[in-house]
Structure formats: C-alpha cells, structure tokens
Amino acid sequence: MSNMGGNWKLHPVLILFLINLVSVLLKLISMTGTNASSVFIDALNDIGDMVGLGLLLLGLSYERKRQSIYYPFGRRRAVYIFTLLSLMIFSGLIFAVAIFKVVAIMSETISIDVKPYSQYAFSLAFLINITGFAIVFLSLLDKQRDPTLSSSLIDSASDVSGSIVALITLITRNPVLDMLGSLIISGVILVSAISLGYRYFHVLIGRAPSKEVLMKIISKVLEFREVRDVNVFNAIMITEDEYMLILEVEVDKDMEVEDVEKLSTQIEIEIRKLEPKFKHVIIEFVGERTGSKTYKEILKQIESHE
C-alpha cells in the first residue's frame, strides 16, 4: 500500500476527489444547457467515481490505524473492501440508469440542442479530467503498484474517454453520435467496474502472485545445496504490493542450529532480492525424509496453472 507519510491529505486520491468534484459541478451545469444523453451519462459516471473516491479516502484513513494483536497486518485490505462496495452499489446503479437512458433515446429521434455555456462548461470539465489523469499517472510511476492509484488511474482513464465522446457530441450535435456515445460510456462504466472488481476480489481471497514470480522463488530456494526438498510452498497476496510466503524445507537431519538459522537468513535475502514484495517470509525446517520429492509436485502445479 502507499506510504502516505506524515500528511495523508496530500495523497493523490484526495486531489483526484477534489478534481472530480469540480468536474461533476461543471458537467451538471453543462447538462442544464443541452439534451445530449451522452453528457448526462458522462456526468453520472463522474458522480459514481466521486463517490468511489470518497469511499477510497475513507479506506485510506482506516488503513492508517496501526497494527495490533487483532490486526497483525494492520488494515491495509480495507481499501479493497471499500472499493468493492462502491463498485457493487454505485457502478451497478449508474450502469442501470445509463442503459435505461440509452433505451429511451433509441426509441425516438431528437435533435441535439446545445447552448454555448453548456459546451464551455463541459470543455473545462474535460480539461480538468485530463489534469486528474496526468496527476495519477505520474504518481503511479513514483509509487510503483499502489492499488489505490492503479484503481484511480482506471477511473481517470474512463472519465477522459467518456468525456471525449460526449464533447464531440456537443460540438457536432449529431444524434446518432449521441446514441453511440451513450452506449460507449455505459460500456466503459461496466468494463472498468468488472475488471477492477475482479482484480480486488482475487486479492481479498488471498490469491497467489503470478506464475512467473512463483517459479522464480521456488527455483531460487532449490538452488541452495543444503535444501533437500520443499514440502510446503504457500504464497499469498496480502495486498497488491505485499506478499507472504510460507515454506517447509527439508534439510540434513544433522545440520547444526546455527547453520539452519544462517540458511534461513540467506533464503529470505535471496527471495526479497528476486521479489521485494515478499515482506513476510516464514520458513520451517524439518529433517530430510525418504520417498519421492514433494517439490516436483509443487513445480508441476505451478507450471500447469494458466
């Protein structure tokens, strides 16, 4: 998760929330001067994003609470829960309203009326949306894969793409483009909600990192000459940038305790070199057992996963 430093109010998500607030106000003003449905649906999309960002800020404030015996990893996953709630409640509702509006305009042919102030207000909102996208994109480059920023980037991208279609409609006043634009924006709302929800769902249920990461890690562990076998290899995502790895490793039964401790430290160092996101590495050492090697089955499971 992102390190918000001493003042969480400077977090890019808050900046994006304020930008979205201004954008919503401008688009609501624009709506009063036009009957273009794409403008209406794009404004709905911004309202949904603003509510989602508000819940995300609530999750970030909750995340700042320190870890305790009852919350050993803090409240980092709160952000995912709040985001999923906003996706389920608001994105679904907004998509339903948008589709209802699209069906309504398809049943009748109307001319597009646009007052000058409507186009000016929407153009300004469009520029603000681009600014928000640029801020989040640059912040994401600095903070690597901060899930709060990656989800905000998706919201910003959908805002910009939807606004482009709506703005072209205001300029051309083409009713066919308005209908197509309304469908496109509705689709953007649905696709962004499903893709983000799908990703966050896998984090919350504790999915393992990617196949490539798993193969790199277990291969590195098996490179140690003291390691005879790996019986347990459980890797899970606590958040998108914080992983946990639980290992049960077989070593020579006569290995000294000091050598075992040294091996444990070396394995942890090498794992974190390969993937710094493994912030929690738990290794249990057991004496070498007879029989087939368990690591072969683990490798087979990793390789067979799509």
(request) Taking atom OH of Tyr117 as the centre, report whether more than 12 heavy atoms of other residues, nucleotides or ligands fall under 6.0 Å from it. (result) yes

(request) Could you tell me whether Tyr120 atom OH has more than 12 heavy atoms of other residues or ligands within 6.0 Å of it? (result) no

Under a 4.5 Å cut-off applied to non-hydrogen side-chain atoms, are [X] and [Y] in contact?
X      : Y      : result
Ile218 : Leu299 : yes
Met50  : Asp46  : no
Val286 : Lys253 : no
Glu275 : Tyr243 : yes
Ile171 : Thr169 : no

(message) Just verifying a value: how many Å separate Ile47 CD1 and Leu28 CG, rounded to the nearest 0.5 Å?
(response) 5.0 Å

(request) Measure the spacing between OG of Ser37 and CG of Asp42 and express it to the nearest 0.5 Å. (result) 12.0 Å

(request) Using the salt bridge (charged side-chain N to carboxylate O under 4.0 Å, His left out) rule, collect all pairs that involve residues 180-195, keeping only residues at least two apart or in two chains. (result) none

(message) Closer than 4.0 angstrom, basic N to acidic O: yes or no for Glu303 and Lys300?
(response) no

If we ignore hydrogens and angles and just use 3.5 Å, is the side chain of [X] paired with the main-chain N or O of [Y] as donor and acceptor?
X      : Y      : result
Ser23  : Ile19  : no
Arg272 : Lys279 : yes
Asn45  : Phe40  : no
Ser182 : Ser38  : yes
Arg207 : Met237 : no

Taking all atoms of both residues into account, what is the closest heavy-atom pair of [X] and [Y], and its distance?
X      : Y      : result
Phe233 : Leu214 : CZ-O, 3.7 Å
Ile267 : Leu247 : CG2-CD1, 4.4 Å
Ser292 : Asp229 : O-OD2, 4.3 Å
Ile217 : Phe278 : CG1-CE1, 3.7 Å
Asp113 : Thr34  : O-OG1, 2.8 Å
Glu270 : Phe224 : CG-CZ, 3.7 Å

Does one side chain, of [X] or [Y], offer a donor that lies under 3.5 Å from an acceptor on the other?
X      : Y      : answer
Asn129 : Lys27  : yes
Lys115 : Thr32  : no
Ser30  : Ser118 : yes

(request) Quick one: do Glu258 and Lys262 satisfy salt bridge (Lys or Arg N to Asp or Glu O under 4.0 Å)? Show the steps, please. (result) CA-CA 6 Å; Glu258 292 82 2; Lys262 183 179 178 181; over 6 Å; no

(request) Please check if Leu180 and Val160 belong to a single hydrophobic cluster, counting links between Ile, Leu, Val, Met, Phe, Trp and Tyr side chain heavy atoms closer than 4.5 Å. (result) no

(request) Just do the salt bridge (Lys or Arg N to Asp or Glu O under 4.0 Å) check on Arg228 and Glu288 with the steps written out, would you? (result) CA-CA 7 Å; Arg228 302 290 189 262; Glu288 184 178 6; 3.3 Å; yes

